[in-house]
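This chain uses plain numbering: 1 for the first residue, then up along the sequence.
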Amino acid sequence: MTDSASTQALIKQLTELVGASYTLTDSVKMQPYCKGFRFGSGEALVVVRPATLLEVWQVLKACVAADVAVIMQAANTGLTGGSTPDGKDYDRSVVIINTMRIDQIQLIDNAKQIVGLAGSTLFGLEDVLAKHGREPHSVIGSSCIGASIVGGICNNSGGALVKRGPAYTELSLHAQIDANGELSLVNNLGIDLGETPEAILTNLQQQNYSQSDVTFPERRASDDEYHERVRAVDADTPSRFNNDGRRLYEASGCAGKLAVFAVRLDTYPIAKKQQVFYVGTNDPQVFTQMRRDILGFKNLPDSGEYLNRDCYDVSKKYGKDTFVVIDKLGSKYIPKLFGMKRVVDRIASNFSFLPTKLSDHIMQFLSILWPNHLPKKMDAFRDQYAHHWILEMSNDGVDEAREYLDTFFQSNEGGYFECTPREGEKAILHRFAAGGAIGRYHAIKKKDFGPIMTIDIALRRNERDWLEVLPPEIDDNIAVKLYYGHLFCHVMHQNYILKPGVDAKALKQKILDSFDERGAEYPAEHNVGHEYFAKPALKGFYKKLDPTNSFNPGIGKTTKLKNWEEKNR
């Protein structure tokens, strides 16, 4: 759409559909939706924020009729820019549909499953399920604070939970554009909601259905095979990664190539007994052996979160405010905090004498006033050990792990302690704060460093040398290396802060080449976004879902042109 009159006509139509307050055309107001959480940015014609699923459908119909590209967006917490425009080189105008006003969560089958609408969040899901003694399919990750349920599904987000695997479902309600440019609504939720799109969407949002309308088709609402896959420690492939064709199905892994209205997911009973063990060592091979041993337990661990000493220190100093806010006010306050940060940074951007990311400078200063928030036992382990592993077990696995650890450390370097419930909460929350803390650290000390690179990789399940050792020609260009990750799944988040003047693009390619040599896959759980190339299987999946390339064009460094034309690319 290049004609000015047509452009204005579309904006007018969208305004009539969702209201003037929720139709954004001012570049300053659109910035939080056009700029990625940590990576990427681009331009859009308009940002619309519908209040209902029906409004989303009506907006989609208007966009298809106007022949514009559409980016469906929820919390915009991804690290690879996959839910924002990328640059200015689109052949059509881009409309962003942000769904965060549509945050309803519905319970079915006595809360054994849920239906999450387009803007519902994992924070919200945790709160809803806690009243029923159940837990979500995923827990929020440090890199994606405030993430949406649908966003996790669309990106095959991984998470920390060893027993449950990546976010996955085969039950969804989504819109699709076919090869002829026709928009259709596909109801694969397993709930009878009517025949027409208008009826289906209205009935779902208003919960106009009974238990008898809910069916249980032979489709997965979670990755119920993952527990077997992660145990296969001698396999020479990773346990989970975004390009894995096993877990690309309609909404799952679609990366915005479908317009997803809702997903249906399994939930899980809260364990009757839980215990966090805090483990430390100076020898990475100790954790190599422990990982192989523990994945052979009768009872799988719930999670096993790793961080190195440098990451411990950065998280302690630069993640303190996130830690304290969640600890004192609860996780549901985090989206409000991020909203306030965006407002402060937006205002500050109008004054050249103020630093970029002013909110980080303010919050970092205030956090200094707060006393040490970490248990003395953890700090003692920080001084003693370079590598830290937060091992969480439940039910019969608690005694199994306790007996194993007692025996193991009689003859191996390192040690552990059993956390009190409060210490366990703080250990997990400390690891949780690491992702944001690294970004804060770089923002505060930007003048001292070059760019920052964040790469998540999935190592082969039989990889024994999980701790990266870079050759001097790469290592000499890096000022700080901060590692954390999900060690049982062999998914590592590797953060590199470069020295000033280093060519980040060239160095990153060398690092990725080193991953290729090791048989690793990347990205592991943050999806390709606009940062990585989609491999052939993933690109083929995208083209099948979206033959006209109208939804989120350019994802995975594919062409942005209509009908997947390759010229100018």
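- The side-chain tip of Lys510 does not point at the ring of Tyr496 from less than 6.0 angstrom away and within 45° of straight on.
- Between Asp223 and Arg164 there is no salt bridge, since none of the side-chain N atoms of the basic residue sits less than 4.0 Å from a carboxylate O of the acidic one.
- Between the SG atom in Cys311 and the NE2 atom in His430 there is a gap of 7.5 Å [rounded to 0.5 Å].
- In this structure, Arg247 forms a cation-pi arrangement with Tyr168, its terminal cationic atom sitting closer than 6.0 Å to the ring centre and no more than 45° off the ring axis.
- Here the side chain of Asn110 pairs no donor or acceptor atom with the backbone of Lys112 at under 3.5 angstrom.
- For Tyr278 and Tyr416, the distance between ring centers is not under 6.0 angstrom.
- No side-chain donor from either of Glu525 and Asn155 sits under 3.5 Å from a side-chain acceptor of the other.
- A salt bridge between Lys508 and Glu531 is present, with a side-chain N of the basic residue lying under 4.0 Å from a carboxylate O of the acidic one.
- Applying side chain to side chain contact (heavy atoms under 4.5 Å, CB included) to Asn495 and the options Leu482, Ile455, Val314 leaves one that passes, Leu482.
- The line from NZ of Lys328 to NE2 of His373 is 11.0 Å long, rounded to the nearest 0.5 Å.
- Glu463 and His490 are not linked by any side-chain donor-acceptor pair at a separation below 3.5 angstrom, with hydrogens and angles left out of the test.
- Taking 4.0 Å as the cut-off between side-chain N and carboxylate O, Asp234 and Arg461 do not count as a salt-bridged pair.
- Shown here is Lys446, whose NZ atom has no more than 12 heavy atoms of other residues, nucleotides or ligands within 6.0 Å.
- Taking a cutoff of 4.0 Å between a charged side-chain nitrogen and a carboxylate oxygen, Lys535 and Glu521 qualify as a salt bridge.
- Residues Lys298 and Glu400 are not paired through a salt bridge, judged by the lack of any N-O separation under 4.0 Å between the basic side chain and the carboxylate.
- Aromatic pair His526/Tyr532: ring centres not closer than 6.0 Å.
- Salt bridge absent: Arg231 and Glu228 never bring a charged side-chain N and a carboxylate O closer than 4.0 Å.
- Of the N and O atoms on the side chains of Asp406 and Gln410, not one donor lies less than 3.5 Å from an acceptor on the other residue.
- The pair Asp379-Lys316 meets the salt-bridge criterion, with a side-chain N (NZ, NE, NH1 or NH2) lying under 4.0 Å from an Asp/Glu carboxylate O.
- Listed for the Thr80 side chain is no donor-acceptor partner under 3.5 Å among the backbone atoms of His530.
- Around the CZ atom of Phe216, the shell of radius 6.0 Å holds more than 12 heavy atoms that belong to other residues, nucleotides or ligands.
- Judged by distance alone, with hydrogens and angles left aside, the side-chain atoms of Asp310 form no donor-acceptor pair with the main-chain N or O of Ala386 at under 3.5 Å.
- With respect to Arg219 and Glu250, a salt bridge is recorded, a charged nitrogen being found less than 4.0 Å from a carboxylate O.
- Under a 3.5 Å cut-off, the side chain of Gln275 and the backbone N or O of Cys419 do form a donor-acceptor pair.
- No side-chain N or O of Asp103 forms a donor-acceptor pair with one of Ser120 less than 3.5 Å apart.
- Between the side chain of Ser252 and the backbone N or O of Ile153, no donor-acceptor pair lies under 3.5 Å.
- A salt bridge does not link Arg264 with Asp109: every distance from a Lys NZ or Arg NE/NH1/NH2 to an Asp or Glu carboxylate oxygen is 4.0 Å or more.
- Figure legend: Arg291 and Phe488 shown without cation-pi pairing, the cationic atom not lying both under 6.0 angstrom from the six-membered ring centre and within 45 degrees of its axis.
- Heavy atoms of other residues, nucleotides or ligands lying less than 6.0 angstrom from NZ of Lys481 number more than 12.
- Residues Gln364 and Arg440 bring a donor and an acceptor atom of their side chains to less than 3.5 Å of each other.
- Closest approach of Pro136 to Leu161, counting heavy atoms only: O-CD1, 4.5 Å.
- For Tyr385 and Glu413, the side-chain atoms include no donor-acceptor pair closer than 3.5 Å.
- The aromatic ring centroids of Trp389 and Phe277 lie 6.0 Å or more from each other.
- Minimum interatomic distance between Ile390 and Val276 (heavy atoms only, all atoms of both residues): CG2-CG1, 3.7 Å.
- Ser222 and Asp266 are linked by a side-chain donor-acceptor pair at a separation below 3.5 angstrom, with hydrogens and angles left out of the test.
- Using the six-membered ring where Trp is involved, His493 and Tyr484 have ring planes that are tilted, between 30° and 60° apart.
- Side-chain rings of His388 and Phe381 stay apart, their centers remaining 6.0 Å or farther from each other.
- Two rings, from Trp370 and Phe323, have their centers 6.0 Å or more apart.
- Using modelled atom types, one finds a donor on one side chain and an acceptor on the other under 3.5 Å when comparing Ser303 with Glu392.
- In plain terms, the two heavy atoms of Ser157 and Gly151 that are nearest each other are OG-O, 4.3 Å.
- Between Asp456 and Tyr522, the side chains place no donor N or O within less than 3.5 Å of an acceptor N or O (distance only, hydrogens not considered).
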